[in-house]
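Comments concern the structure below.
Chain letters run A, B, ... following the sequence lines, proteins first, then strands; residues in each count from 1. If you're wondering where the values come from, they're calculated on a predicted model, not measured in any experiment.
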Amino acid sequence: MPVSPALRAAALESKAWPFEEARKILKRVEKSGQKSVLFETGYGPSGLPHIGTFGEVARTTMVRRSFELMSDLPTRLICFSDDMDGMRKIPENVPDRKALEPYLQMPLTKVPNPFGGNYESFGHHNNAMLRRFLDTYKFDYEFASATDYYTSGRFDDTLIKALEKYDDIMAVMLPTLGEERQATYSPFLPISPTSGRVLYVPMKDVNAKQGTITFAGEDGADVTLDVRGGRTKLQWKPDFGMRWAALDVDFEMFGKDHQTNAPIYDRICEILGKPAPEHYVYELFLDESGQKISKSKGNGLTIDEWLTYADTESLALYMYNRPREAKKLYFDVIPRAVDEYAQFLAAYPKQAEAKDKLMNPVWHIHGGHPPQPESGNVTFALLLNLTTVANTEDKAVMWAFLKRYMPELSPETHPRLDKLVGFAIRYFQDFVKPAKKYKLADDSEAKALADLAEALGKLPEGSSPEEIQKIVYDVGRREPYTTTQKDGTVGVAQGWFNMLYQVLLGEERGPRFGSFVALYGIANTRALIEKALKGQLAQE
RNA sequence: GGGCCCGUAGCUCAGUGGUAGAGCAUCUGACUUUUAAUCAGAGGGUCACUGGUUCGAUCCCAGUCGGGCUCACCA
């Protein structure tokens, strides 16, 4: 789709971070005169997809879409899995760990899949998980496997180049290593022709003309191996640079943990004759108490947890916001993200100037095509509150509450709201309900409740909230709940209602009780009272 | 030590070269048969500090102080 000149001009000026990054790429392509642009994200073989994976692809895509506003050059995104890496240790979370022991140090694509199934190997399994993950969020990407790329020969030319520049590469690498490691370091890792393991051994000879390396094999005898066709792979740092050079990668972002090493990857890439890609360093996430989130610690939020309680758009907003800040990632940020997203989306159609539209996060979240916002302004914070008040796990009851106040709403016309209702109910089930503390009714309270149940029983199902409320007051007008009103008549004290909430709902406060009964149902309420009188609620 | 980021209301955080903002919390008032997904309002900030650029700086620049994260022969 052609980009309007006004939009393009705004993109070239915009201060939104994806545009800042895209401009760096634009400068680069103007200089090189290249005809296409390649974005890359990379994955370690061990980790299953996690929230950082989502963030990296989402953010890279934001830069990509921003770039497309500035330039007509075609772009691609490659998601590269380093599945040829040796299995250094057996992951904790696999069945029958012992069965994997014989495969230690072998490329992951040679390790049998501990999860069984149709996948050729553990690596293939992990790749499939990654792809399924990315597909779930409808990312536009091309998957790439290190094993495929190495074995098919796509890296061969660059590997030969690395042999030619072997000394230069060593000169970059050695100063970054400790003394001990320096003695044995090699940028080339042969795959043992006998055992299939990835070998970390020093080189005895490198021959660029022949395309071979020579090293001491596992039995001690010298082995000479052609580096091409997947017979060798490169060490981590040179591998980055080699890959960038071989694929002509233009942009790759990564977390701060790579920051110090990035200049080394870049240098290798340049030694291999290609300009290093543009980079963007993002911050890692912290948990509620400010500790770094790590998979092994299991702190912070997982992507599944986020998406249990909120939608993808809210997570994308979180990822858009200030990638360079170490942000806390825990439950409390979710409702806010959901509501802010809705606010930004509602504002978008009203924004007349391209400049403002491009500063709106929803432009980036939706790649320039945000959907129409829904009418109504029910916030997620409100819905979360409402589940507590309504004390329900039933969407229909939630909607009944909603419609009483805003009759124009319905699940059919407001599908997004309906989804949020579902999320709010999960929140209720997981956080509110377990925290409930039901009070056990004492004798006089039990008597009052029994009277209430009886009085309610005389009302027909479907009575109005007002009728029910009248009964509730009538029954409550007894000791110790009476109070004298301004006009001198006998009224019902707040304590009566507090008792009802504490005993029946496990809350300190609640909705207007007549409304609650009308929506919850008279028979249901009587059953609830019965359970309370038997002490069943307090036991739960 | 190198690098990155942060410092704005009691708390969590937005924000912009032109009179400081939200949510929560606090307080006040109204209303309902004293129950709140109600309504109206209030208080509270040297925008860390110092200098510079500018007609004007919370914002840009330099420095200072304070805090967080990251890197050390793992990819």
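Between B/G3, B/A14, B/A75, one nucleotide has an atom nearer to the side chain of A/Gln259 than all others, and that is B/G3. Nearest to the side-chain atoms of A/Arg336 among the listed nucleotides B/C4, B/C71, B/U12 stands B/U12. Comparing B/C4, B/U12, B/G68 against the side chain of A/Leu286 picks out B/G68 as the nearest. Relative to the side chain of A/Thr260, the nucleotides B/C4, B/G15, B/C71 differ in distance, and B/C71 lies closest. When each of B/C73, B/A14, B/C4 is scored by its nearest atom to the side-chain atoms of A/Leu177, the top-ranked nucleotide is B/C73. In the set B/C5, B/U70, B/A14, the nucleotide with an atom closest to the side chain of A/Lys256 is B/U70.
At a cut-off of 3.5 Å, with distance as the only test, no side-chain donor of A/Tyr149 or A/Thr147 sits close to an acceptor on the other residue. Side-chain contact annotation: A/Tyr43 with A/Asp83, donor-acceptor N/O pair under 3.5 Å absent.
Taking 4.0 Å as the cut-off between side-chain N and carboxylate O, A/Arg243 and A/Glu40 count as a salt-bridged pair. Between A/Lys256 and A/Glu283, at least one side-chain N (NZ, or NE/NH1/NH2) sits under 4.0 Å from a carboxylate O, which counts as a salt bridge. Taking the charged nitrogens against the carboxylate oxygens, A/Glu20 and A/Arg23 do have a contact shorter than 4.0 Å, which makes a salt bridge.
Where stacking is scored as ring centres under 5.5 Å apart with planes under 30°, A/Tyr185 does not register as stacked on the base of B/C73.
At the heavy-atom level, A/Glu325 lies under 4.0 Å from the strands shown only through sugar-phosphate atoms. Counting non-hydrogen atoms under 4.0 angstrom, A/Arg88 reaches the backbone sugars and phosphates but no base.
Close to B/G17, at under 4.0 Å from its OP1 or OP2, lies a side-chain N or O of A/Lys15. Between B/A75 and A/Gln235, a contact under 4.0 Å exists linking OP1 or OP2 to a side-chain N or O. Distances shorter than 4.0 Å separate some side-chain N or O of A/Arg322 from OP1 or OP2 on B/A14.
Pair assignment for B/C49 gives B/G63, based on Watson-Crick or G-U wobble hydrogen-bonding distances that are each under 3.5 Å. Base pairing of B/U34 is not made with any nucleotide, judged by Watson-Crick or G-U wobble geometry with both donor-acceptor distances under 3.5 Å. In this structure, B/G3 forms a base pair with B/C69, meeting either the Watson-Crick or the G-U wobble geometry with both donor-acceptor distances under 3.5 Å.
Counting to the nearest Å, the C1' atom of B/A14 and the CZ atom of A/Phe344 are 9 Å from each other. Whole-Å rounding puts the A/Ile264 CD1 to B/A75 C1' distance at 13 Å. Rounded to an integer number of Å, the gap from A/His258 NE2 to B/A75 P is 12 Å.
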